[in-house]
Peer 1: 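If you scroll down you'll find the structure; I have some questions about it.
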Protein chains: 2
Amino acid sequence: MNIGAASKASGVSQRMIRHYEQIGLIPGAPRRDSGYRDYSEADVHRLRFIANARDLGFAISEIGTLLALWSDQNRASGEVRSLALAHAEELGRKARALEAMRQTLLTLAQQCHGDERPDCPILQRLED
Amino acid sequence: MNIGAASKASGVSQRMIRHYEQIGLIPGAPRRDSGYRDYSEADVHRLRFIANARDLGFAISEIGTLLALWSDQNRASGEVRSLALAHAEELGRKARALEAMRQTLLTLAQQCHGDERPDCPILQRLED
DNA sequence: GCTTGACCCTGACATGATGTAAAGGTCCAA
DNA sequence: TTGGACCTTTACATCATGTCAGGGTCAAGC
């Protein structure tokens with residue numbers, strides 16, 4: 001399977017497939033005489049795994065660990081679980097930070113009459 | 001005032017002050033004979049404005065608009081308000097996306113016994 | 001006056017994940 | 001055989017920020 005087909009089947013862009021190969025996240029695909037990369041179903045499976053992990057917000061480095069655990073038949077599920085929980089906590093931190101910014105903005109916007117007059121509590125707050 | 005003092009007074013790193021100057025977010029500071037940049041209180045004031053806006057998650061391009069509105073005595077507060085509300089909505093979108101990822105992970109982690117056994121619903125989910 | 005340490009300058013490289021574009025080789029069907 | 005769709009590598013861009021190197025400046029103390 002060429003990289004284009006592997007990309008379509010996995011949902012990972014060609015650009016990122018090559019990138020993952022370059023940074024060592026996935027092994028280099030075997031090449032045909034033409035130099036074209038050749039992918040198997042198992043490769044596509046792994047790429048889909050990566051895409052799913054990205055969709056859950058895991059960073060590339062974490063995905064490296066997940067891939068290692070995935071292919072380790074003797075893994076302890078506790079390891080995967082604590083990695084997931086740590087990541088969930090990090091996501092929560094980020095979400096709360098964004099939400100706090102949002103609340104601040106909503107509060108300020110509420111205090112702003114928002115008409116033609118130049119007077120504006122939002123700008124005043126940014127000044128302090 | 002040298003850039004170091006301006007940085008301390010405003011909370012913006014020297015690196016970022018130079019960067020903001022380079023991308024045109026702030027005007028270039030006047031130079032002494034030595035080539036050192038020289039900052040006024042007004043400059044520090046503007047830098048603090050930028051730092052506050054960054055803390056509220058505004059992107060540089062948005063801050064450019066905010067700075068223009070800030071220095072426009074004839075601005076309509078409605079403009080600032082709608083910019084802030086649009087940004088708040090964007091923050092909400094991001095926060096909700098992170099929260100959804102987090103919930104998915106927590107649900108999966110709950111279904112994972114998390115012990116020495118290799119069986120793990122989290123990895124199974126990533127496979128699909 | 002000289003040294004020393006703290007400060008400043010520019011330029012470059014790095015991050016993380018991804019897109020895009022250029023310049024060129026390959027494959028297949030008509 | 002030709003055209004179009006595909007592949008290759010390389011390089012540059014994004015966004016905000018850090019850090020480092022190699023060099024100039026300033027001020028205080030000797």
Side-chain angles (χ1 to χ4, degrees), chain A residues 1-26 28-40 43-44 46-67 87 90-91 94 97-98 101, chain B residues 1-26 28-40 43-44 46-67 87 90-91 94 97-98 101:
Chain A
M1 188 179 343
N2 280 345
I3 196 173
S7 171
K8 268 186 197 159
S10 66
V12 179
S13 71
Q14 301 183 25
R15 173 72 177 85
M16 292 317 294
I17 295 177
R18 296 192 183 102
H19 181 60
Y20 293 154
E21 176 180 316
Q22 201 185 2
I23 65 177
L25 184 66
I26 58 177
R31 303 296 184 111
R32 306 214 199 126
D33 288 350
S34 60
Y36 285 17
R37 290 172 179 82
D38 193 10
Y39 294 92
S40 67
D43 293 328
V44 170
R46 178 169 36 207
L47 286 171
R48 240 179 320 143
F49 182 98
I50 294 173
N52 288 331
R54 290 284 315 135
D55 286 347
L56 285 177
F58 284 100
I60 297 291
S61 58
E62 295 171 309
I63 296 177
T65 306
L66 285 172
L67 280 172
H87 181 56
E90 182 60 26
L91 290 174
K94 286 181 185 169
L98 292 178
M101 294 179 199
Chain B
M1 187 181 344
N2 281 344
I3 196 172
S7 170
K8 268 186 198 158
S10 66
V12 179
S13 71
Q14 301 184 27
R15 173 72 176 83
M16 291 317 294
I17 295 177
R18 296 191 183 104
H19 180 61
Y20 293 154
E21 177 179 318
Q22 201 185 0
I23 64 177
L25 184 66
I26 59 176
R31 304 295 185 110
R32 305 212 198 126
D33 288 350
S34 59
Y36 286 17
R37 290 173 180 80
D38 193 10
Y39 294 93
S40 68
D43 293 328
V44 170
R46 181 170 31 211
L47 287 171
R48 239 179 320 142
F49 182 97
I50 294 173
N52 288 331
R54 291 281 318 133
D55 286 346
L56 285 177
F58 284 100
I60 297 290
S61 58
E62 295 172 310
I63 296 177
T65 306
L66 286 173
L67 281 171
H87 181 55
E90 182 60 26
L91 290 175
K94 286 181 184 167
L98 293 178
M101 294 179 199

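Each chain gets a letter, A, B and so on, in the order the sequences are listed, and its residues count up from 1.
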Peer 1: Nearest whole Å is fine: how far is C/dG11 P from B/Gln22 CD?
Peer 2: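 Distance, rounded to whole Å: 8 Å.
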Peer 1: Kindly write out the residues that satisfy side chain to side chain donor-acceptor pair (under 3.5 Å) with A/Glu90, not counting sequence neighbours, or none if the list is empty.
Peer 2: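 Per chain and number, A/Glu90 pairs via side chain to side chain donor-acceptor pair (under 3.5 Å) with A/Arg93.
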Peer 1: Sequence neighbours left out, what pairs pass side-chain hydrogen bond (donor to acceptor under 3.5 Å, both in side chains) with at least one residue falling in residues 51-62 of chain A?
Peer 2: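 Those involving residues 51-62 of chain A do not exist here.
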Peer 1: What residues, two or more places apart in sequence or in another chain, satisfy side chain to side chain donor-acceptor pair (under 3.5 Å) together with B/Ser40?
Peer 2: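 B/Asp43.
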Peer 1: To the nearest 0.5 Å, tell me how far B/Ile26 CD1 sits from B/Ile63 CD1.
Peer 2: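 Going from the CD1 atom of B/Ile26 to the CD1 atom of B/Ile63 covers 11.5 Å.
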Peer 1: Is any side-chain heavy atom of A/His87 less than 4.5 Å from a side-chain heavy atom of A/Leu91?
Peer 2: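 Yes, at least one pair of side-chain atoms sits under 4.5 Å.
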Peer 1: Please examine the side chains of A/Tyr20 and A/Ile60, heavy atoms only from C-beta on, and report whether any two atoms are closer than 4.5 Å.
Peer 2: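 Yes, side chains in contact.
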Peer 1: Check ring-ring contact (aromatic ring centres under 6.0 Å, His included) between A/Phe49 and all other residues, then give those that pass, not counting sequence neighbours.
Peer 2: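 With sequence neighbours excluded, A/Phe49 shows a ring-ring contact (aromatic ring centres under 6.0 Å, His included) to A/Trp70, given in chain and number order.
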Peer 1: Each nucleotide in nucleotides 12-17 of chain C should get exactly one letter: B, S or -. Can you fill that in based on protein heavy atoms under 4.0 Å?
Peer 2: -----S
Peer 1: For DNA chain D, note the earliest and the latest nucleotide, 5' to 3', having some atom under 4.0 Å of a heavy atom belonging to chain B.
Peer 2: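 Terminal contacting nucleotides, 5' to 3': D/dA16 to D/dC26.
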Peer 1: Over all strands shown, is A/Arg37 touching base, sugar-phosphate only, or nothing at heavy-atom distances under 4.0 angstrom?
Peer 2: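 Answer is sugar-phosphate: A/Arg37 comes under 4.0 Å of backbone atoms only.
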Peer 1: Dump every N/O contact between nucleotides 23-25 of chain C and the protein below 3.5 Å, one line per pair.
Peer 2:
residue: C/dG25; atom: N2; partner: A/Tyr36; partner atom: OH; Å: 2.7

Peer 1: Once you round it to whole Å, what is the distance between C1' of C/dA6 and CD of B/Gln14?
Peer 2: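 About 11 Å, once rounded to whole Å.
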Peer 1: For B/Arg37, enumerate each residue passing the side chain to side chain donor-acceptor pair (under 3.5 Å) test, keeping only those at least two apart in sequence or located in another chain.
Peer 2: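 Applying side chain to side chain donor-acceptor pair (under 3.5 Å) to B/Arg37 gives B/Glu21.
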Peer 1: Considering non-hydrogen atoms only, spot the tightest contact between B/Leu25 and B/Leu67 and give its length.
Peer 2: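 Looks like O-CD1, 3.7 Å.
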Peer 1: So for the helix from C/dG1-D/dC30 to C/dA30-D/dT1, with five pairs setting each end axis, what is the inter-axis angle to 10°?
Peer 2: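 Inter-axis angle at the ends, rounded: 30°.
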Peer 1: Specify the separation, in whole Å, of atom CG of A/Asp33 and atom P of C/dT26.
Peer 2: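 These atoms are roughly 11 Å apart.
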Peer 1: Show every donor-acceptor pair shorter than 3.5 Å between a side-chain atom in residues 1-12 of chain A and any protein atom, with sequence neighbours excluded, or say none if there are none.
Peer 2:
residue: A/Asn2; atom: OD1; partner: A/Arg32; partner atom: NH2; Å: 3.1
residue: A/Ser7; atom: OG; partner: A/Val12; partner atom: O; Å: 2.7
residue: A/Ser10; atom: OG; partner: A/Ala6; partner atom: O; Å: 2.8
residue: A/Ser10; atom: OG; partner: A/Ser7; partner atom: O; Å: 3.4
residue: A/Ser10; atom: OG; partner: A/Val12; partner atom: N; Å: 3.2

Peer 1: Under 4.0 Å, heavy atoms only, any strand: does A/Arg31 hit a base, just the sugar-phosphate, or nothing?
Peer 2: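 Sugar-phosphate contact only.
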Peer 1: Any heavy-atom pair between the side chains of A/Gln22 and A/Arg18 that's under 4.5 Å?
Peer 2: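 A/Arg18 does not reach A/Gln22 side chain to side chain.
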